[in-house]
Structures are given as C-alpha cells and as structure tokens.
J.: 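First the structure, which I've put down as structure tokens, then a few questions once you've had a look.
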Amino acid sequence: MFRLAGTAALIIVIFLLIAEIAAAIVFEFGLVPVKYRPVIWATRADVPPADSWRTENHPWGAWHKADAQGSDRRSCYSVVYASNEVGARDDSWNLPRHGIPTVFGLGDSFLEGYGVVQEDRFDTIVESQGFDFLNFGAAGHVGPVQYYLIYEHFADTYDHDAVVIFFLPDNDYSDNDPEVWEAKRNSYAYRYRPYFRASGDGKYEVFHPVDEPPGEITFRDWQYKDLGIFQFIANFGRDFTYTYGAVMYAMTLLEEREFDESGFSGYYDAEPHQLQAAHHFLGRIAKRAAARNGMPVIIFSIPTTRDFRRAAIETDEASSSRMLRSLAADNPNVYFIDGLTAMTAVEPDTDRYFLPCDGHWSKAGHEIVGQVVANALSAALQPAMVAE
C-alpha cells in the first residue's frame with residue numbers, strides 16, 4: 001500500500017517537473033504571444049505584476065505607486081501600466097498646461113484604461129480635440145464614494161475647467177455598499193477602503209472599517225489573507241511556477257466573455273439605497289465643482305454587454321438612468337450622457353466596444369467614447385473656449 005502510494009507520488013512529482021520545464025521553455029523562448037515569468041525568477045529588467053503596482057493605503061482606497069510600472073497580460077492583451085508623480089496612470093502633471101481647457105477625470109478601471117496601452121485610451125482622442133485630461137481613474141473596486149474622496153483631495157491642487165465622471169452601474173452601486181461586502185467578501189475586514197452609511201435626512205457619510213495602514217500596502221500584500229486552500233495554491237503557483245502562467249493562458253484561449261446568467265443589470269437592478277447613496281456622493285462632487293464658477297460636470301454612464309441585452313427587452317427607462325437624469329435636473333452644471341444610446345449612435349455593433357477576453361473597453365470602445373466625450377466637453381465649455 002505504502003509502496004503504491006510512493007510510486008504514485010513520484011509519478012506526480014515527475015509530471016509536475018516536466019510540466020514546469022515545458023512551460024518555462026514556452027515562455028522564455030517566446031512560443032506564445034504573451035510574456036510571463038514567476039516573481040521568484042524575475043530580474044530587475046522585468047516589470048512586476050500589476051498587483052504589486054496597485055496600492056490601497058489612501059483614504060479613497062485603490063490607487064497606484066508613484067512613478068512606477070506594473071505589467072498585465074491575458075490572451076487578448078499585454079500591457080505595461082505606468083504612473084506619474086502622484087500615482088495616476090497618466091503623463092507627468094508637472095509639465096506646462098499650454099493654456100488649453102483642463103479636464104479632471106474620475107472613474108474606475110474603464111477610465112484607467114484596463115487592458116489597453118495608454119496611447120489607445122479614450123483621453124488621447126479627447127486631448128487631440130484641444131483639451132488637457134487629468135486621468136484619476138483606478139481599478140480595484142472603485143465607486144462613487146472614492147470619486148468624491150479623490151476629488152476632495154486633488155481638486156484644489158490642479159486647476160481645471162471641467163469634471164468628467166465615468167459611472168459604471170454594473171458595480172459602482174455595490175463597490176461602496178458595506179452590506180454587499182460584509183456578506184460576500186472577507187476582505188471587508190482588512191482592506192483599507194471607504195464605504196457609505198446613512199446619516200439621516202437622506203444623506204450619507206463615509207467610513208472605513210479598518211484603521212489606516214502605517215505604510216504603503218499593495219494589492220499583493222493582502223492576496224494571501226483569509227484565503228481558501230484553492231486560492232492559496234493558485235497564488236503560490238503564480239508566484240513560483242511557470243506552470244501557472246501556462247494554465248491561465250490556456251484558460252483564456254478557451255474562455256468566452258463571461259455573462260451573468262441571472263440577468264443582473266446594474267442599469268436596472270440597483271437597490272434603492274444604492275441609487276440614493278450614488279446620487280448623494282455624485283451630487284457632492286457636482287456642488288463642489290459648481291462652487292468653482294459653475295464648472296460643468298459631465299457624467300458618462302458606462303453600459304456592459306448585460307446592460308445592452310437588458311435594454312433590448314425592457315420598455316421602461318433604467319432606474320440608473322432615471323437617477324442620473326434626476327441628478328442633472330437637481331444640479332444645473334451636470335450634463336448626463338447615457339452610454340446605452342450615445343455609443344450605439346456612433347457604432348451599432350456593441351461587440352466592438354469590448355476586449356474579446358475581458359469586459360473592459362477595447363481600442364475601438366475607447367475611440368467611440370473619446371469622440372462622444374470630446375463633443376460633450378466642447379459643447380459644455382463653448383462660451384469659455386470662444387472667449388479665449
């Protein structure tokens with residue numbers, strides 16, 4: 001019995017060694033169109049993985065190391081993210097502004113440009129139309145509370161003429177909802193990120209469930225916390241083996257874009273308290289901008305494939321769109337752009353909007369959004385631009 005078990009264990013070890021050697025050869029000799037190297041074997045010339053670049057020690061939660069890089073690769077993209085002197089994925093903001101209108105951009109991974117090189121991001125189109133765009137986008141479960149906190153932190157540091165908020169109904173309503181995170185995510189107990197809670201009279205306040213960390217914390221630092229055995233093994237494999245990279249590459253080749261079979265759509269299915277909280281924090285941004293000589297705030301609502309599918313069978317306006325229209329009605333400086341109609345007016349083929357192995361915008365999606373946002377900015381700032 002023991003001899004049989006020992007033989008089986010030896011066979012498994014030999015198989016794993018052969019798989020590891022084969023995977024190393026595949027990646028090191030460039031036999032696949034993506035690059036991968038375990039952290040333990042990385043050299044100084046290698047760009048560390050993106051989770052070592054992303055941080056979570058600021059009051060708004062997810063951000064990036066300053067003047068640093070992080071690599072991100074899947075079957076349909078290979079990207080190196082780079083941050084400027086304040087940690088934004090953008091060029092340096094210490095350069096001269098050239099006297100053109102400056103736009104303060106707020107949003108999550110879509111704004112950051114997840115999965116695309118910076119040159120293909122939408123703000124390249126916007127800047128080609130005579131604007132300077134400050135991109136404060138960040139991936140990592142970023143929602144309206146964080147948009148508000150980022151604007152509070154940086155608004156007086158960088159002169160700007162307009163604010164653009166990219167709002168993602170798919171998860172922005174839940175990103176700062178403590179009920180969702182307490183129920184489904186053990187990371188609520190240790191991640192330093194903000195949440196909302198009712199404070200009375202229909203208003204909301206910000207709170208953090210954990211204390212501010214004493215130093216810089218990256219996404220990588222908390223990846224081994226409170227994990228199940230399978231996730232622990234996966235993280236260990238990613239850090240120390242080429243085999244992990246080979247398995248993940250094979251999976252991405254086989255996978256199709258994921259759809260939620262429950263039919264959930266953030267446009268239609270957000271909870272009433274989530275709609276109210278989003279209205280509150282977006283409204284606080286709008287009012288702070290309005291205090292700066294009535295500065296315009298453009299809110300672009302981002303639809304996912306699920307939202308497009310749902311809109312095709314619904315007859316009533318989505319609850320998210322109604323909330324954002326209400327926000328615009330309450331704040332004269334707010335301009336609402338519904339991506340459901342704005343994007344299809346430019347390109348009816350919605351499949352072109354997204355990366356084939358991921359739900360974020362492709363280069364084509366960024367180009368479409370860039371056109372829409374540039375036109376909206378020109379209209380909102382027309383009097384000021386004419387005066388100049």
Side-chain angles (χ1 to χ4, degrees), residues 39 48-66 68 70 72 87 106-109 112 114 136-153 167-200 203-240 244 258 260 262 264 266 269-278 280-281 284 359:
V39 174
D51 55 18
S52 296
W53 173 65
R54 302 188 186 281
T55 64
E56 202 160 52
N57 49 276
H58 295 83
W60 58 86
W63 195 232
H64 322 102
K65 290 182 178 180
D72 189 11
L106 295 164
D108 62 7
S109 52
E112 182 191 88
Y114 194 96
F136 286 91
H141 310 113
V142 177
V145 172
Q146 283 127 308
Y147 305 157
Y148 163 70
L149 292 176
I150 291 173
Y151 193 62
E152 281 290 297
H153 186 84
F167 187 82
L168 180 65
D170 188 65
N171 57 33
D172 272 1
Y173 288 116
S174 60
D175 276 337
N176 306 123
D177 185 347
E179 294 181 10
V180 172
W181 284 70
E182 284 182 294
K184 297 182 179 181
R185 300 178 186 271
N186 55 13
S187 57
Y188 178 81
Y190 58 82
R191 287 181 64 181
Y192 184 61
R193 57 188 313 277
Y195 301 89
F196 61 72
R197 62 185 170 199
S199 60
K203 297 182 179 180
Y204 289 82
E205 62 184 12
V206 179
F207 77 97
H208 297 74
V210 301
D211 294 333
E212 180 180 354
E216 186 173 71
I217 299 295
T218 69
F219 276 39
R220 184 173 183 77
D221 293 328
W222 48 252
Q223 283 178 338
Y224 283 92
K225 291 180 178 287
D226 299 333
L227 297 176
I229 184 62
F230 293 109
Q231 187 60 51
F232 182 88
I233 292 172
N235 284 354
F236 182 87
R238 179 198 59 207
D239 292 347
F240 297 102
Y244 174 87
E258 297 179 1
D260 186 347
S262 68
F264 172 83
D269 299 324
E271 298 291 335
H273 74 280
Q274 295 173 339
L275 291 161
Q276 188 174 11
H280 173 82
F281 286 103
R284 289 173 75 167

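If you read the sequence from its start, that first residue is 1, and numbering goes on from there.
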J.: Which atom names give the shortest non-hydrogen contact between Ala139 and Ala62, and what distance separates them?
T.: O-CB, 3.3 Å

J.: Tell me whether the centres of the aromatic rings in Phe281 and Tyr151 are closer together than 6.0 Å.
T.: no

J.: Would you check, one step at a time, whether the test side-chain contact (heavy atoms from CB on, under 4.5 Å) holds for Ile150 with Leu106?
T.: CA-CA 8 Å; Ile150 291 173; Leu106 295 164; 3.8 Å; yes

J.: So, using salt bridge (Lys or Arg N to Asp or Glu O under 4.0 Å) as the criterion, who are the partners of Asp72 when residues are at least two apart?
T.: none

J.: Nearest 0.5 angstrom please: Ser174 OG to Glu179 CD, how far?
T.: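 It is 11.5 Å, given to the nearest 0.5 Å.
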
J.: Nearest 0.5 Å, what's the NE2-CZ distance between His58 and Arg193?
T.: 15.5 Å

J.: Determine, using ring centers only, whether Tyr188 and Tyr195 are less than 6.0 Å apart.
T.: yes

J.: For Glu56, which of Tyr190, Trp63, Trp222 qualifies under side-chain hydrogen bond (donor to acceptor under 3.5 Å, both in side chains)?
T.: Trp222

J.: Answer yes or no on whether Arg284 is positioned over the face of Tyr147, meaning its NZ or CZ is under 6.0 Å from the six-membered ring centre and within 45° of the axis.
T.: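 No, Arg284 does not sit over the ring of Tyr147.
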
J.: So among Glu112, Arg220, Lys65, which one has a side chain to side chain contact (heavy atoms under 4.5 Å, CB included) with Arg54?
T.: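 Output: one option passes, namely Glu112.
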
J.: Specify the closest pair of heavy atoms between Arg191 and Gly140, including all atoms of both residues, with the distance to one decimal.
T.: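 Closest pair (atom of Arg191, atom of Gly140, distance): NH2-O, 3.4 Å.
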
J.: What's the shortest heavy-atom distance between Pro144 and Asp172, and which atoms?
T.: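 Between these two residues, the closest heavy atoms are CD-O, 3.1 Å.
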
J.: To the nearest 0.5 Å, what is the distance between CG (Asp175) and CH2 (Trp181)?
T.: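 CH2 of Trp181 is found 6.5 Å from CG of Asp175.
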
J.: Any side-chain heavy atom of His153 sitting closer than 4.5 Å to one from Pro59?
T.: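 No, every pair of side-chain atoms sits at 4.5 Å or beyond.
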
J.: Donor-acceptor pair, Ser199 side chain versus Lys203 backbone, under 3.5 Å?
T.: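 Yes, Ser199 side chain to Lys203 backbone: donor-acceptor pair under 3.5 Å.
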
J.: Tyr173 versus Glu271: any side-chain heavy-atom pair under 4.5 Å?
T.: no

J.: For the pair Asn176 and His141, evaluate side-chain hydrogen bond (donor to acceptor under 3.5 Å, both in side chains) and give the outcome as yes or no after the intermediate values.
T.: CA-CA 8 Å; Asn176 306 123; His141 310 113; over 6 Å; no

J.: Drop me the distance from Glu216's CD to Asp221's CG, to the nearest 0.5 angstrom.
T.: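 Answer for the CD-CG pair, Glu216 versus Asp221, is 8.5 Å.
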
J.: With side chains defined as the heavy atoms from C-beta onward, is the minimum distance between Tyr192 and Pro209 less than 4.5 Å?
T.: no

J.: From Gln146 CD over to Tyr148 OH, what is the distance, rounded to the nearest 0.5 angstrom?
T.: 13.5 Å

J.: Kindly give the heavy-atom pair with the smallest separation between Phe219 and Thr55, and that separation in Å.
T.: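 What the structure gives for the nearest pair is CE1-O, 3.4 Å.
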
J.: So how far is it from Phe196 CZ to His273 NE2, rounded to the nearest 0.5 Å?
T.: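 If I round to the nearest 0.5 Å, the distance is 4.5 Å.
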
J.: Between Asn57 (side chain) and Ile217 (backbone), is there a donor-acceptor pair under 3.5 Å?
T.: yes

J.: Testing the basics here: between Pro194 and Val206, what is the closest heavy-atom pair and its distance to 0.1 Å?
T.: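 Distance-wise, the nearest heavy atoms are CB-CG1, 3.7 Å.
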
